Each structure stands twice: as C-alpha cells, then as structure tokens.
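These notes concern the structure reproduced below.
Each ligand, and each atom within it, is numbered from 1 in the order the structure gives. Here the structure is a predicted model, which means the values were calculated and not measured.
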Amino acid sequence: MNAVLRIADLEDPTFDPFMTDDVVFGDTADLHKRLAELRRQASVHSVEYRRIFSPYPDVTLGQFKHFTVLGYDDVATVFDNPDIFSNRAWIYNIGESFGRSISTMDAPEHTRYRRIFQKIFLPQNIAKWGATVVEPVIDELMNEFALRGSADLVAEFTLHYPFRIIYRQLGLPPEEARTFHKLAITQTVVAVDLEHAREASAKLGDYFGALLERRRSAPGDDLVSLLVQAEVDGEKLPDEVVISFIRQLVNAGGDTTYRTTSSLLVGLLTNPEQLEAVRLNRALIPQAIEEVMRWEGTVTMGHRMTTRDTVLGGVSIPAGSVIDVIGGSANRDESKFPDPDSFNIFRERRFRHFGFAAGPHVCIGQHLARLEMTRALTAILDRLPNLRLDPSKPPPAILGFMMRVPRHIHVLFG
Ligand code: HEM
C-alpha cells in the first residue's frame with residue numbers, strides 16, 4: 001500500500017511530443033492577417049478551419065461537415081447558445097485523450113458536475129495557492145537564471161512554471177515531473193496522432209485511478225483529495241469523471257498558461273513604453289493580462305456540433321455539423337476593437353473577449369490563470385531589472401493557428 005506509485009512512460013522512447021507543435025497546432029506566423037481577409041469576405045465559411053492552414057488532416061473530426069465562424073457576433077451566438085451548438089463535438093477529439101471530461105458534456109450533466117469543480121477554482125479558494133504553490137515554483141525557476149543577465153524566457157521559465165504548479169496542486173512526485181509533462185503534451189496530439197494520445201491517456205488514467213484510491217484512504221490538502229471528497233447532491237463524483245478532469249487539468253492548467261504568459265511577455269517587450277508603465281505601476285497588470293487574452297488568447301479555436309438545422313451569419317448549417325468557432329478571430333474583429341492588431345493595455349474595453357471562451361463552458365481555471373500570470377510577471381519585473389529583447393538574437397515570433405506561442409523569447413537584463 002505504501003509502495004511508491006510510478007507513472008509509466010510511453011512505450012516508444014524515441015517519440016517526442018515536444019517536437020510536434022508545428023504539426024498539431026501549426027506554425028502560421030501571419031494568422032491574424034489571413035483571418036482578417038477571410039472575415040472581410042464573410043463571417044461564416046463552409047470550410048474546415050484546420051484545412052485552411054494545415055496539410056495535416058484532423059483524424060478525429062475530419063469525417064464531418066465543418067463551418068468556420070470568424071465574426072464577433074456570430075462567435076458570441078455560438079458560445080451563448082449551447083442548446084444549438086453542443087459541446088459533443090469534443091467527444092470525438094479531446095474526449096479520446098481526456099475521457100468523460102466536462103468539455104465533452106452538455107446540460108444537465110455538465111451543469112451538475114461543473115458546479116462542483118467550479119467551487120474549487122473560485123477566486124477565494126485559489127488565493128491561498130498564490131503563496132503556497134505559485135510563488136515558490138516561480139522563485140525556484142527564476143533562481144536558475146536571474147543573476148545571469150540573459151535568458152530564453154520560454155525555454156527556462158514559461159514552458160515549465162504552470163505545469164509545476166498543477167503537479168504540486170495535485171501532490172504529484174516532483175521526480176516524475178518530466179514524464180507527466182511528456183504525457184500531458186502527448187494527450188494534445190490527438191487530432192493528428194490518435195494512437196499516441198490514447199496511450200498517454202491510458203497511462204495517466206492508470207496512475208490517477210490508483211492515486212484516487214490512496215487519497216480516499218489517506219486524504220491530504222491537495223487537489224486530488226478535494227476532488228475525491230467533493231459531492232453532487234449528496235453523491236460522490238464518479239471516478240471516471242474525476243480521472244478525466246485531472247487528465248484535462250494537467251493540460252488545461254499547464255499548456256494554455258505557458259503559452260499565454262509567453263505572448264504577454266512578447267506584447268510588453270515589443271512595446272517597451274507599456275512594459276515600463278507596468279513596471280512602474282503594478283496595478284496595470286490586470287489590464288495587461290486582459291489585453292493579451294484579446295490580442296493573442298492562446299486557444300484560437302473551439303469545436304461545437306449543431307443539434308439541429310440552423311442559420312448563422314446568413315449561412316444554412318445542417319444538424320450534426322462541426323462548428324469551428326474562432327475566438328481568436330472575433331477578438332480582432334475591427335467592428336468591436338478599433339486598431340485590433342495593436343497590443344494596447346490602455347484600450348477602452350467595451351466588449352468582452354473570448355480568450356477564455358464564453359457561455360457555460362467558459363474556462364473554469366481563468367482565475368487561477370490570471371493569478372499565475374500576475375505572479376509570474378511581478379517576479380519578472382522585480383527580479384530582472386532593465387529587461388529588454390536581446391538584439392543579437394531573432395525577435396520572438398508568435399506562431400500557430402490553433403494554439404499560439406512564441407518558441408523563444410531571448411532577453412537581456414541587469
Ligand atoms: C491562460 C490560460 C488559459 C486559457 C487561455 C484557457 C482557455 C480555455 C478555453 C478557451 C476554454 C473553453 C473550451 C471550450 O469549451 O471550447 C477552457 C475551458 C476549460 N479550462 Fe481553461 N484556459 C486557461 C487556463 C486554465 C487553467 C489554469 C485551468 C485549470 C487549472 C483550466 C481548466 C479548464 C477546464 C477544466 C475547462 C473546461 C470547462 C468546461 O467545459 O466547463 N484552464 N479554457
């Protein structure tokens with residue numbers, strides 16, 4: 001019973017999921033220019049989003065008829081009308097990796113489970129993690145380079161900190177962090193490599209199943225213990241739902257925050273007067289975060305499936321179609337955000353952004369993500385004085401059509 005619980009690595013030691021970002025999420029540099037051209041033609045296109053940008057087909061959803069939704073108002077309609085635009089599309093895609101995660105469910109099942117999970121991630125509950133988990137992780141990573149005068153902030157910092165935070169919240173053994181990170185990333189290759197995604201999912205599922213048993217018999221104050229004790233209407237959550245939620249968390253909590261923090265740093269470093277304004281006045285950090293969520297809100301696309309025939313943006317859409325809903329395009333719709341391509345933390349915010357989506361599936365971890373990014377940026381500004389891009393290295397380029405990220409941010413400081 002007290003034997004150390006080990007996580008099994010992938011069978012093929014040569015498979016490297018970190019090398020697949022270009023294939024899975026794309027390496028498009030001029031995404032926003034191309035989306036603006038398409039938006040000018042029409043808000044809704046009868047085409048699969050992935051096929052516009054990638055030669056690698058989606059093996060999970062390729063068999064369906066797709067519609068790509070780009071305009072702000074139509075994107076809002078999709079997110080706000082789950083009875084017509086169902087989350088069941090995700091069953092075929094991330095459902096293969098995560099299992100019965102709440103992303104694959106609709107009401108009333110979704111409402112019932114989400115209520116429980118959401119409680120754990122309310123601002124008042126996550127606040128305590130700021131000091132106990134988030135700050136120590138950030139400090140440890142920054143200790144490695146803070147005195148050096150130069151760094152690649154992606155390779156040495158942003159890529160790691162949110163993953164380490166979620167592992168600590170779950171109480172996972174630190175010596176296995178590399179394997180968890182690798183399996184978490186392998187879950188995301190699902191659209192192009194179902195086999196490896198299923199293998200990673202099974203290995204994480206076996207581990208988390210055993211972990212649930214342990215925490216049930218000896219609960220601690222970690223997130224897994226909270227989850228096994230949580231109840232819906234007096235009933236405990238089914239193991240399958242808890243395991244799927246944890247599988248999703250190791251990705252949703254890590255991969256997205258890593259990418260968004262990286263883009264936030266690019267936004268500020270390429271606009272040094274805004275970086276300086278934030279350095280001098282930390283009360284501006286929340287608006288810098290909201291602006292990056294609009295400007296480069298990492299998750300460019302979501303999927304939905306029509307439950308009945310409908311018309312959107314003047315286009316007739318049959319029941320059972322996959323809707324590729326492009327929040328990343330709506331966030332730069334010029335009818336709502338003047339001068340949309342500029343990163344401007346001082347812009348007037350009259351309309352919500354879709355960086356965390358919207359509607360009943362709006363990101364459950366958004367308060368934690370904001371807290372993590374606030375602490376990360378604060379530490380960077382405190383510990384890396386005179387922070388600037390390294391002029392001897394290539395400038396950072398944010399790439400991708402599905403999940404955007406700069407591959408490197410080379411900086412000088414001190
Ligand atoms: C900046 C970082 C983040 C971004 C950009 C982001 C983005 C999103 C988006 C766009 C969705 C909606 C997906 C859909 O239904 O189509 C979502 C849902 C979700 N996110 Fe996040 N997320 C972030 C951080 C986090 C964190 C830190 C956690 C948890 C630790 C988390 C957990 C979840 C979960 C569980 C869902 C599913 C909610 C539901 O279906 O009801 N996310 N996120």
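- For ligand 1, the polar-atom distance check finds no N/O of H303 at less than 3.5 Å from any of the ligand's N/O atoms.
- Geometrically, ligand 1 and T298 share no nitrogen or oxygen pair separated by less than 3.5 Å.
- For atom 36 (C) of ligand 1, the nearest non-hydrogen atom of the protein is Q248 NE2, 3.8 Å.
- In this structure, F354 falls outside the shell of residues with a heavy atom less than 4.0 angstrom from ligand 1.
- Under the 30°/60° scheme for interplanar angles, the aromatic rings of F180 and F208 are found to lie parallel.
- The shortest separation from a heavy atom of F117 to ligand 1 is not under 4.0 Å, leaving the residue out of contact.
- The nearest protein atom to atom 25 (C) of ligand 1, hydrogens excluded, is given as A252 O, 3.2 Å; this is a heavy-atom distance.
- Figure legend: R294 and F337 shown as a cation-pi pair, the cationic atom lying under 6.0 angstrom from the six-membered ring centre and within 45 degrees of its axis.
- Contact analysis leaves R259 out of contact with ligand 1, as no non-hydrogen atom separation drops below 4.0 angstrom.
- With hydrogens and angles left out, the side-chain atoms of D152 and H408 include a donor and acceptor closer than 3.5 Å.
- In terms of protein heavy atoms, atom 34 (C) of ligand 1 is closest to I364 CG2, 3.7 Å.
- Ranking protein heavy atoms by distance to atom 39 (C) of ligand 1, first place goes to H361 ND1, 3.3 Å.
- Taking every non-hydrogen atom of M293 and a distance limit under 4.0 Å, the qualifying atoms of ligand 1 come out as 5 (C).
- At a 4.0 Å cut-off, at least one heavy atom of H110 sits close enough to ligand 1 to count as contact.
- Residue-level proximity to ligand 1 for L368 is carried by the side chain, the only part with a heavy atom below 4.0 angstrom.
- Residue-ligand proximity, S103 to ligand 1, at heavy-atom distances under 4.0 Å covers atoms 37 (C), 40 (O).
- Residue contact annotation: G297 has no non-hydrogen atom under 4.0 Å from ligand 1.
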Item to check | ring pair (Phe, Tyr, Trp, His ring centres under 6.0 Å) between F79 and F354, intermediate numbers included | outcome: CA-CA 9 Å; F79 282 136; F354 298 114; 5.6 Å; yes
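- S201 and S97 share no side-chain donor-acceptor pair at under 3.5 Å.
- Using modelled atom types, no side-chain atom of D58 and backbone atom of V192 make a donor-acceptor pair closer than 3.5 Å.
- Side chain of T256 to main chain of A252: a donor-acceptor pair is present (N/O by atom type, distance under 3.5 Å, no hydrogens or angles).
- Using modelled atom types, one finds no donor on one side chain facing an acceptor on the other under 3.5 Å when comparing H353 with E291.
- Using a 3.5 Å distance cut-off with no hydrogens or angles, the side chains of D9 and T179 do not pair a donor with an acceptor.
- Side-chain rings of F15 and H196 approach one another, their centers coming within less than 6.0 Å.
- Ranking the protein heavy atoms by distance from atom 28 (C) of ligand 1 puts G365 CA, 3.5 Å first.
- Between the side chains of S101 and Q248, a donor-acceptor pair is found at a separation under 3.5 Å.
- At a heavy-atom cutoff of 4.0 Å, ligand 1 is contacted by the side chain of L249 but not by its backbone.
- Of all the atoms in ligand 1, the ones that sit under 4.0 Å from a non-hydrogen atom of F121 are 30 (C).
- Using modelled atom types, no side-chain atom of S316 and backbone atom of V311 make a donor-acceptor pair closer than 3.5 Å.
- Residue T256 holds the heavy atom nearest to atom 3 (C) of ligand 1 of all those in I289, T256, T261.
- The N/O atoms of R304, backbone and side chain alike, include one that comes under 3.5 Å of an N/O atom in ligand 1.
- For atom 20 (N) of ligand 1, the closest non-hydrogen atom of the protein is C363 SG, 3.3 Å.
- Atom numbering of ligand 1 starts at 1 in the shown order; those under 4.0 Å from a heavy atom of T260 are 1 (C), 5 (C).
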